[in-house]
Amino acid sequence: MRVRLIAHAPFAGVLAAAIWIRVIAVLGYPAPLWFGDSKSYLEAALQLRPGETRPSGYPILLWLIEPFHSFTVLVSVQHAIGVLTGVLVYILVVRAGREAWPPDERGRWAWRMWLPNLLAAAVTVPVLMPVHQISLEHMLMSDSLFTFLLLAAVAAALWRRRSTWWLGGLAGAFAAFAALTRTAGLALIAVIVVAMLLRRAGRWACVAAVVMFALPIAGYMFWFRSEYGEFKLAKANSIWLYGRTAAFADCDVIKPRPELRIMCPHLTDPRISPAFAVMWTKDSPFREIPGWVTGDEADRLASEFAWAAIREQPGDYAGVVVHDTFKAFEWDREPYPNPWTSLEYDFPEGEEWSDKQALLAEQYDPDGAETKVVRPWADQMLAYQDEFAMPGTFLGVLLLGGLAGAFPYVRSRGRWRPLGPVRHWGTGALLPWGTSLALLVIPAATADFDYRYVVPAVPFACLALGLALLPPPRSPRPAAEPAPAEEREKAEAGRT
């Protein structure tokens, strides 16, 4: 028992450092960092109603914490969720390591019982320590909650080699809660079910996953209909895809009908990404459409134009998706989607506060709503920010490692097994690896690239790497059958 506790010492060190730097962040910045979407999230929480442009899973968390009337409590809870995300990655890798190298081994291979813990501690460092993981947890945004819920769904699917129905149900429920926090999670139930099938989870586990995913989604849509009269997750469904097509749409090629020509992009500021410009700036066609982005006409026109652009320019669309996906792996961050939005992902040096923002925030936290920069703690956080940012190239290395890590196991237990790495990867690392890649591709295909979307992909890439590097789980050795009574008597007579 004592030896097993000592094996967790490396992760205990990582965990202590991760908690301490988050304590410094809360002391230096007692209120959350605000982003463009923060206002709509807070309004939905205060009114407890479905959001018009996105589901309200995150506002429900804000509503649950609202009785404390403290933004400091809110950011502390979000940092705790971020820490739990790293803990869950550690548990899953250690658990897989114990299946590969049982801890009761003795002799010259006894040292291997330490490897799962060391590997698990190492892969949690990119989850717990980079500053943009911490700053995203500190923002009045849904990303930290979304990441944890989706990772919990993956954990339930991976918990047993042959999943039970209730684990399948947990995986589906957590995936649904993640999708109701960020719609990027909607498509990921397919990745979870495919991975469960490859692991031979059984039909009832897969059925339970699908049913428990569908029930919360349907329940939310009924709630949305009771508020707005429409059976949807949000009023604005197609505007994001329209923003995606603004980067390549050419009306000379699309040849839209006269009513649709208003949606042709007319961009005037090269510093701003096309998707951001057609959505939120003076170049946006939605400014001339009644109801703005949440109106029925805006959604109808955006949908028709977006699909026409994709249909007429499929190569250009694919090129934009690939280009923006690979932006996640660049070493340096560019000022994208515009120079001022990119600054919102960093801890600020000073305080900025608008009257409109203050009036809304005071409804949630009358005493501590205003953004505060408390020194010397803020100075320590700023110094940490300068040194501990993880370049996107590291995420690319993690994904490549998670893809190739299983190949050394083509030779296992003295035999060449050509399909061994494929089987090992498909039943283990595939689910988190596919989830990580999907979290990068889905925004690039349906909305726009944003550095905020890169951070949630990191825990899944780290988990995939850990699972791929570990050998396949060992099959339990069959117990020796007792010798027949006659043979035992002969053996005893011979010894006599």
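- Note that the CG atom of Leu74 and the CG atom of Leu42 stand 9.0 Å from one another [nearest 0.5 Å].
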Original post:
Stepwise, does the side chain to side chain contact (heavy atoms under 4.5 Å, CB included) test hold for Thr268 with Lys282?
Top reply: CA-CA 9 Å; Thr268 61; Lys282 62 182 178 63; 3.1 Å; yes
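- Salt bridge status for Lys235 with Asp296: absent, with no side-chain N to carboxylate O gap under 4.0 Å.
- With a 4.5 Å cut-off on side-chain heavy atoms, Ile217 and Leu233 count as touching.
- Side-chain atoms of Trp377 do not come within 3.5 Å of backbone N or O of Val26 as any donor-acceptor pair.
- Between Arg300 and Glu259, at least one side-chain N (NZ, or NE/NH1/NH2) sits under 4.0 Å from a carboxylate O, which counts as a salt bridge.
- Ion pairing between a basic and an acidic side chain is recognised when a charged N comes within 4.0 Å of a carboxylate O; Glu344 and Arg452 show no such pairing.
- Between atom CG of residue Asp143 and atom CD of residue Gln133 there is a gap of 10.0 Å, rounded to the nearest 0.5 Å.
- Legend: residues meeting side chain to side chain contact (heavy atoms under 4.5 Å, CB included) with Trp292, ordered by chain and number and at least two apart, are Trp280, Phe286.
- No donor-acceptor distance shorter than 3.5 angstrom exists from the side chain of Arg182 to the backbone of Arg54, with no hydrogens or angles considered.
- Between Leu469 and Gly405 the shortest heavy-atom distance is CD2-CA, 4.0 Å.
- Every side chain to side chain contact (heavy atoms under 4.5 Å, CB included) that Asn338 has, sequence neighbours left out, goes to Ile272, Phe276, Trp340, Thr341.
- In this structure a side-chain-to-backbone donor-acceptor pair under 3.5 Å is missing from Ser144 to Gly82.
- Closest non-hydrogen pair, Thr53 versus Ala234, comes out as C-CB, 3.8 Å.
- Considering CE of Met263 and CD1 of Ile254, their distance stands at 11.0 Å, rounded to 0.5 Å.
- Nearest heavy atom pair, residue Ser303 against residue Ser238, reads CB-OG, 3.2 Å.
- Using modelled atom types and a 3.5 Å distance limit, the side chains of Ser70 and Asp365 yield no donor-acceptor pair.
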**OP:** Go through the steps to decide whether Arg271 and Tyr336 satisfy the test side-chain hydrogen bond (donor to acceptor under 3.5 Å, both in side chains), and finish with yes or no.
**Re:** CA-CA 8 Å; Arg271 300 175 303 162; Tyr336 192 93; over 6 Å; no
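- Side-chain atoms of Leu128 and Ile19, non-hydrogen and from C-beta on, never get closer than 4.5 Å to each other.
- When side chains are defined from C-beta on, Phe148 counts as touching Leu84, because their heavy atoms get closer than 4.5 Å.
- Atom CH2 of Trp223 is surrounded by more than 12 heavy atoms from other residues, nucleotides or ligands within 6.0 Å.
- Using a distance-only test at 3.5 Å, with no hydrogens or angles considered, no donor-acceptor pair links the side chain of Asp346 to the main chain of Pro348.
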**OP:** Show your reasoning for whether side chain to side chain contact (heavy atoms under 4.5 Å, CB included) applies to Leu267 and Val278.
**Re:** CA-CA 8 Å; Leu267 308 176; Val278 298; 3.7 Å; yes
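- One finds the CG atom of Leu241 at 12.0 Å from the CG atom of Asp448 (value rounded to the nearest 0.5 Å).
- Remark: side-chain polar atoms of Gln313 are paired, donor with acceptor, to backbone N or O of Phe248 under 3.5 angstrom.
- Closest of all the heavy-atom pairs between Ala447 and Ala275 is O-CB, 4.0 Å.
- Between Tyr242 and Phe305, the ring-plane angle classifies as perpendicular under the 30° and 60° cut-offs.
- Under a 4.0 Å N-O distance rule, the pair Arg22/Glu137 qualifies as a salt bridge.
- Considering only heavy atoms from C-beta on, Phe449 comes within 4.5 Å of Val454 through its side chain.
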**OP:** Show the numbers, then the answer: is there a side chain to side chain contact (heavy atoms under 4.5 Å, CB included) between Phe11 and Val87?
**Re:** CA-CA 9 Å; Phe11 179 65; Val87 171; 4.0 Å; yes
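- Using cut-offs of 30° and 60° on the angle between ring planes, the pair Phe347 and Tyr29 is tilted.
- Between the CD atom in Glu230 and the CD atom in Glu52 there is a gap of 10.0 Å [rounded to 0.5 Å].
- Salt bridge status for Arg244 with Asp324: present, with a side-chain N to carboxylate O gap under 4.0 Å.
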**OP:** Carefully, step by step, assess Leu395 and Val458 under the rule side chain to side chain contact (heavy atoms under 4.5 Å, CB included).
**Re:** CA-CA 7 Å; Leu395 176 57; Val458 173; 4.2 Å; yes
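- Contact annotation: the side chain of Met212 never approaches that of Leu170 to less than 4.5 Å [non-hydrogen atoms, C-beta and beyond].
- Between the CZ atom of Arg257 and the CG atom of Leu301 there is a distance of 7.0 Å, given to the nearest 0.5 Å.
- Side-chain N or O atoms of Gln78 include none that pairs as donor or acceptor with a backbone N or O of Leu145 at under 3.5 Å.
- Summarising the geometry of Ala468 relative to Gly401, their closest heavy-atom pair is CB-O, 4.4 Å, with the distance given to 0.1 Å.
- A 4.5 Å side-chain heavy-atom check between Tyr364 and Leu46 finds at least one atom pair inside the cut-off.
- Remark: side-chain polar atoms of Tyr220 are not paired, donor with acceptor, to backbone N or O of Pro50 under 3.5 angstrom.
- Looking at Leu158 and Leu463, their side chains come closer than 4.5 Å, going by heavy atoms from C-beta outward.
- Here the shortest heavy-atom pairing between Pro30 and Val75 reads O-CG2, 3.9 Å.
- Looking only at distances, a side-chain donor or acceptor of Ser40 sits under 3.5 Å from a matching main-chain atom of Asp37.
- Looking at heavy atoms from C-beta onward, Met129 lies out of side-chain contact with Thr124 at the 4.5 angstrom threshold.
- Between the Ser342 side chain and the Pro339 main chain, a donor and an acceptor come within less than 3.5 Å of each other.
- With Thr85 contributing its side chain and Ile81 its backbone, the two residues share a donor-acceptor pair below 3.5 Å.
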Atom pairs and distances, side-chain donor-acceptor, residues 325-335, under 3.5 Å, sequence neighbours left out:
residue: Thr325; atom: OG1; partner: Val321; partner atom: O; Å: 2.7
residue: Lys327; atom: NZ; partner: Glu334; partner atom: OE1; Å: 3.2

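- A donor atom on one side chain and an acceptor atom on the other are not found under 3.5 Å apart for Tyr317 and Thr245.
- Between Tyr345 and the options Tyr451, Phe35, Trp34, a ring-ring contact (aromatic ring centres under 6.0 Å, His included) holds for only Phe35.
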